[in-house]
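Please read the structure below before turning to the comments.
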There are 2 protein chains.
Amino acid sequence: MEFLREIPLFSELNQKQLEEIALISVVKRYSKNNIIFTPSQKGEYFFILKRGKVKVYKTSKGKEQIIRIFDKPTLFGEAASFTGKNFPAWAEAIEESEIVLIPRKGFIELMKRDPEIGMKFMSVMAQRLMYLTSVIESLSLKSALSKIASYILRKFEEGRDEVEFSTNIAAMELGLTKETVSRMLGKLKELGIIEKSRNKVKVKNPQALRELSS
Amino acid sequence: MEFLREIPLFSELNQKQLEEIALISVVKRYSKNNIIFTPSQKGEYFFILKRGKVKVYKTSKGKEQIIRIFDKPTLFGEAASFTGKNFPAWAEAIEESEIVLIPRKGFIELMKRDPEIGMKFMSVMAQRLMYLTSVIESLSLKSALSKIASYILRKFEEGRDEVEFSTNIAAMELGLTKETVSRMLGKLKELGIIEKSRNKVKVKNPQALRELSS
DNA sequence: CGCATAGTTGAGCTATTTCAACATCAGTGG
DNA sequence: CCACTGATGTTGAAATAGCTCAACTATGCG
């Protein structure tokens, strides 16, 4: 069950808790073109892709619209699994796949016995939510400079004044080019707001960053 | 306890469940400048702002950095409340405020008695996570056209072919100007991908939208 | 050392913004 | 019912921020 740790939601669980989950779960094998769930089915299981490839899609007027393709270990269809309501889409194995099924009811029982599991889940989700919210805030800023300011600020607020920084990755995440990121970093440095070395940025004046990311 | 419904996390709970929460919670009044929590405190309570205004801030080298100001009914500091670890920041009432405190332990007990509450929380969070993820995907696209395509597509996938659409709001959310949004909508219409009326957009060709939002 | 990867810098180009003028519509009060 | 107002959307032309392309530097790594 070690691969479960790769799934962010499970990352905080301890060995015993993972084992508890393993105890109530079943591994099922789907060959190519096998349907995993449909919109007429209720969320009675959590589905975790262990190995293989799955496509999630909707159908409208007979045509299928792919929503997403999963390959790495992932939990999918979780909104329905948590609510117990119908899945909003279809899921189909597009290659031979192994999927771990956790029964919703068993999961609820487990949460009853060990509510810490639920708390850990919620804690992971809450952190992620806050993180994503701040990402969205910076992405909807207009100027490249303010996007970058807010990007650095976010990292700064999470941890140290010294922030790991890759021009390329920042560019990708912000929807900018590496050239622009590089130039804007230069500007921030000129303004004395940051210092930069190879792959680190040191925040000198967070207040200024905050004003830039308005 | 009705105001709890305004908080997304609690929106799915039924009357009885809200009452259960009310039973274990305490309302506390903070006057201006009163500290609500500090980084040396562990998350032993959930804090819900019922009335008033609260600032959440960090201190580094004696200087305070405001992270966020809350005024409407909100749950704040939830990451720590879920984990039980230390709060990552300070919270202080900046005007006379009423705050609802839910003890973490009581909450865990409650989840044990009624695991559906936890499930409902997780379901709300899971939905929100998926939503935010798709927002981020569209925001990190480069061209205005693809951002808008993906914006419309997201709304389309959530519900009907007829999508509520406000040029102004879309512009805000996408970090574009209303003029650009208007022009791009015109283009999508020319291409026969959408039809638009005053405040609605009708998706004619979702596949084309999908390709544009690559 | 040599090669691949990451970052920097400049110059021209183009997508988007800005600004300004106009159009459309919903609601309001006369 | 009409005129008035404010909010919302549209269109054009000029200005500019950020992109592209290309050449270069710095840095790590086998």
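Letters A, B, ... mirror the listed sequences (proteins, then strands); counts begin at 1.
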Inset, instruction - Please check if the distance between the ring centroids of A/F10 and A/F121 is under 6.0 Å. - result: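 Ring-ring flag for A/F10/A/F121: true, centres closer than 6.0 Å.
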Legend entry - A/F37 and its ring pair (Phe, Tyr, Trp, His ring centres under 6.0 Å) partner, picked from A/Y57, A/F87, A/W90: A/F87
Inset, instruction - Mind telling me whether B/F70 and B/F76 have parallel, tilted or perpendicular rings, with 30° and 60° as the class edges? - result: parallel
Legend entry - No-H, no-angle donor-acceptor pair, B/R183 side chain to D/dG12 base, under 3.5 Å: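 Pair found.
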Legend entry - Contacting residues from residues 140-148 of chain B, given that a heavy atom lies under 4.0 angstrom of DNA chain C: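 Contacts with DNA chain C under 4.0 Å: B/S143, B/A144.
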Contacts table for residues 167-178 of chain B: side-chain donor-acceptor under 3.5 angstrom, sequence neighbours left out:
from: B/E173; atom 1: OE1; to: B/Y151; atom 2: OH; distance (Å): 3.4
from: B/T177; atom 1: OG1; to: B/T180; atom 2: N; distance (Å): 3.2
from: B/T177; atom 1: OG1; to: B/T180; atom 2: OG1; distance (Å): 2.9

Legend entry - Listed partners of A/R128 passing side-chain hydrogen bond (donor to acceptor under 3.5 Å, both in side chains), at least two apart: none
Inset, instruction - For D/dT10, take OP1 and OP2 only and decide whether either is under 4.0 Å from a side-chain N or O of B/S182. - result: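 Checking B/S182 against D/dT10: at least one side-chain N or O falls below 4.0 Å of OP1 or OP2.
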Identify each donor-acceptor pair in which a side-chain atom of residues 135-146 of chain B lies under 3.5 Å from a protein atom, sequence neighbours left out, and give them as a table.
from: B/S138; atom 1: OG; to: B/S134; atom 2: O; distance (Å): 3.4
from: B/S138; atom 1: OG; to: B/V135; atom 2: O; distance (Å): 2.9
from: B/S138; atom 1: OG; to: B/S150; atom 2: OG; distance (Å): 3.3
from: B/S138; atom 1: OG; to: B/R154; atom 2: NH2; distance (Å): 2.6
from: B/S140; atom 1: OG; to: B/I136; atom 2: O; distance (Å): 2.8
from: B/S143; atom 1: OG; to: B/S146; atom 2: N; distance (Å): 3.1
from: B/S143; atom 1: OG; to: B/S146; atom 2: OG; distance (Å): 2.7
from: B/S146; atom 1: OG; to: B/S143; atom 2: O; distance (Å): 3.0

Please report the distance, rounded to the nearest Å, between [atom1] in [X] and [atom2] in [N].
| X | N | atom1 | atom2 | value |
| --- | --- | --- | --- | --- |
| B/E164 | D/dT8 | CD | P | 14 Å |
| B/L188 | D/dT10 | CG | P | 12 Å |
| A/M184 | D/dC19 | CE | C1' | 11 Å |

Carboxylate-amine/guanidinium proximity below 4.0 Å for [X] and [Y]:
| X | Y | result |
| --- | --- | --- |
| B/E157 | B/R210 | yes |
| B/R29 | B/E98 | yes |
| B/K50 | B/E6 | no |

Inset, instruction - Counting heavy atoms from C-beta on, name the nucleotide in D/dT11, D/dG9, D/dC21 closest to the side chain of B/N168. - result: D/dG9
Inset, instruction - Indicate, with a heavy-atom threshold strictly under 4.0 Å, whether A/T167 touches base, sugar-phosphate, or nothing. - result: sugar-phosphate
Inset, instruction - Indicate for each nucleotide in nucleotides 23-30 of chain D, in 5' to 3' sequence, whether protein heavy atoms under 4.0 Å reach the base (B), only the sugar-phosphate (S), or nothing (-). - result: ----S---
Inset, instruction - Heavy atoms of chain A, cut-off under 4.0 Å: which first and last nucleotide of DNA chain C, 5' to 3', fall inside that, if you could look? - result: C/dA6 to C/dA11
Legend entry - B/L101 side chain reached by B/F47 side chain, heavy atoms, under 4.5 Å: yes
Legend entry - Min side-chain heavy-atom separation B/I36-B/E92 under 4.5 Å: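 Counting from C-beta outward, B/I36 and B/E92 never come under 4.5 Å.
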